[in-house]
Amino acid sequence: MAAPGPGEYFSVGSHVSCLTCLGQQLQGEVVAFDYQSKMLTLKCAPSSGKANVSDMVLINLAYVSEVDIINDRTETPPPLASLNVSKLANRARSEKEDKLSQAYAISAGVSVEGQQLFQTIHKTIKDCKWQEKNIMVMDDVVIAPPYQVENCKGKEGSALSHVRKIVEKHFRDVESQKSVQRPQAQQTQKDSTLSS
């Protein structure tokens, strides 16, 4: 079946399978369908593999080459679960602040290494922000360019020690990634030289 024609719709609770124009096969339970915009929302098996969670996928049916109804639901669907609107608003606000912080760092001319270090620290300690080109962590620790362990300044104590450990681990991880990538790049270069 192609995208729905006039008067056609998908029942909430039905199970459908869609083949996108890129060849991706999606299968799940219909959560919502908007006829005017031809948008279908499916609840699919979790890509993370975690139990008790689902992936919610929005599908623009204009980009779907085939839709098959696996199991059509005829009875009334159960009521929708209530949403924690304040939690969603807080998450949206937090994401917006993160994106604005990234944009600020780019516009301030912060190095890529500095931006990556900021992201690493921010995963562990949410209370970090940019102060011009410096990274300010918990209003106690300042990391100045070039963002090395010795550039961590603040009152001696657990906060400074913790941030230094994060910075050390970040640069160890970056170095180990580079050492893994170098042999692969060299091997690729050798292979292309041999095939010439």
Side-chain angles (χ1 to χ4, degrees), residues 22 24 26 28 31-32 41-60 80-193:
L22 299 174
Q24 182 182 15
L26 301 167
V31 176
T41 306
L42 294 182
K43 179 174 148 182
C44 301
S47 56
S48 65
K50 294 180 180 176
N52 301 324
V53 294
S54 300
D55 288 350
M56 299 301 280
V57 182
L58 291 174
I59 303 169
N60 184 341
L80 295 173
S82 63
L83 295 175
N84 186 338
V85 177
S86 64
K87 186 176 179 181
L88 291 172
N90 287 339
R91 186 191 286 175
R93 183 186 43 73
S94 175
E95 288 296 319
K96 181 180 177 184
E97 288 171 2
D98 289 350
K99 296 301 177 196
L100 287 173
S101 177
Q102 289 174 358
Y104 173 80
I106 292 168
S107 69
V110 174
S111 67
V112 173
E113 293 80 11
Q115 293 173 41
Q116 290 172 342
L117 177 61
F118 181 90
Q119 292 300 321
T120 299
I121 295 169
H122 194 260
K123 287 177 189 172
T124 306
I125 304 170
K126 293 294 180 200
D127 185 10
C128 66
K129 59 188 173 212
W130 289 103
Q131 186 179 54
E132 296 177 14
K133 289 189 177 189
N134 297 331
I135 300 172
M136 184 74 129
V137 184
M138 300 181 295
D139 292 325
D140 290 334
V141 180
V142 177
I143 309 170
Y147 310 106
Q148 300 297 316
V149 175
E150 57 272 9
N151 304 113
C152 298
K153 305 289 183 220
K155 191 175 121 184
E156 286 296 328
S158 62
L160 181 59
S161 174
H162 184 60
V163 171
R164 282 182 175 158
K165 286 178 185 175
I166 294 171
V167 174
E168 284 176 7
K169 183 177 182 330
H170 169 76
F171 284 108
R172 268 197 319 268
D173 292 349
V174 167
E175 195 54 43
S176 69
Q177 279 184 332
K178 285 181 183 176
S179 65
V180 167
Q181 291 172 348
R182 277 189 211 118
Q184 291 173 345
Q186 290 170 350
Q187 185 62 42
T188 303
Q189 189 176 19
K190 284 179 185 177
D191 292 346
S192 63
T193 304

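This structure is a prediction, so every number in the text was calculated from the model and none was measured.
Looking at Arg91 and Glu95, no side-chain N of the basic residue comes within less than 4.0 Å of a carboxylate O on the acidic one, giving no salt bridge.
Side chain of Lys153 to backbone of Glu150: a donor-acceptor contact under 3.5 angstrom is found.
Scanning all heavy atoms of the two residues, the minimum distance from Ile125 to Met138 falls at CG2-CG, 3.7 Å. Of all heavy-atom pairs between Val57 and Cys44, the closest is CG2-SG, 3.8 Å. In plain terms, the two heavy atoms of Cys152 and Ile143 that are nearest each other are SG-CG1, 3.9 Å. Pairing each heavy atom of Gly154 with each of Leu160, the nearest pair is O-CD2, 3.6 Å. Considering all non-hydrogen atoms of both residues, Pro145 and Asn134 come closest at CD-OD1, 3.3 Å. Closest approach of Leu42 and Val31 over heavy atoms only: C-CG2, 4.3 Å.
For the atom pair Gln148 CD and His170 NE2, the distance stands at 8.5 Å (nearest 0.5 Å). Within the model, atoms NZ of Lys96 and CZ of Arg93 stand 10.5 Å from one another, a figure rounded to the nearest 0.5 Å. Atom OG1 of Thr124 and atom CD of Gln119 lie 11.5 Å apart (nearest 0.5 Å). Here Lys123 contributes atom NZ and Cys128 contributes atom SG; the two are 12.0 Å apart, rounded to the nearest 0.5 Å. Interatomic distance, Thr120 OG1 to Tyr147 OH, rounded to the nearest 0.5 Å: 13.5 Å. Separating the CD atom in Glu97 from the NZ atom in Lys126 is a distance of 11.5 Å, to the nearest 0.5 Å.
Using cut-offs of 30° and 60° for the angle between ring planes, the Phe118 and Trp130 rings count as parallel.
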Give the table of side-chain donor-acceptor pairs shorter than 3.5 Å for residues 107-117, with sequence neighbours excluded, one pair per line with atom names and distance.
{"residue": "Ser107", "atom": "OG", "partner": "Ala103", "partner atom": "O", "Å": "3.3"}
{"residue": "Ser107", "atom": "OG", "partner": "Tyr104", "partner atom": "O", "Å": "2.9"}
{"residue": "Ser111", "atom": "OG", "partner": "Gly114", "partner atom": "N", "Å": "3.1"}
{"residue": "Gln115", "atom": "NE2", "partner": "Val110", "partner atom": "O", "Å": "2.9"}

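Residues Asp173 and Gln177 form no side-chain contact, since every pair of their non-hydrogen atoms from C-beta on lies 4.5 Å or further apart. Under the 4.5 Å side-chain criterion, counting only non-hydrogen atoms from C-beta, Val137 is not in contact with His162. Between Lys155 and Asp140 there is no side-chain heavy-atom pair separated by less than 4.5 Å.
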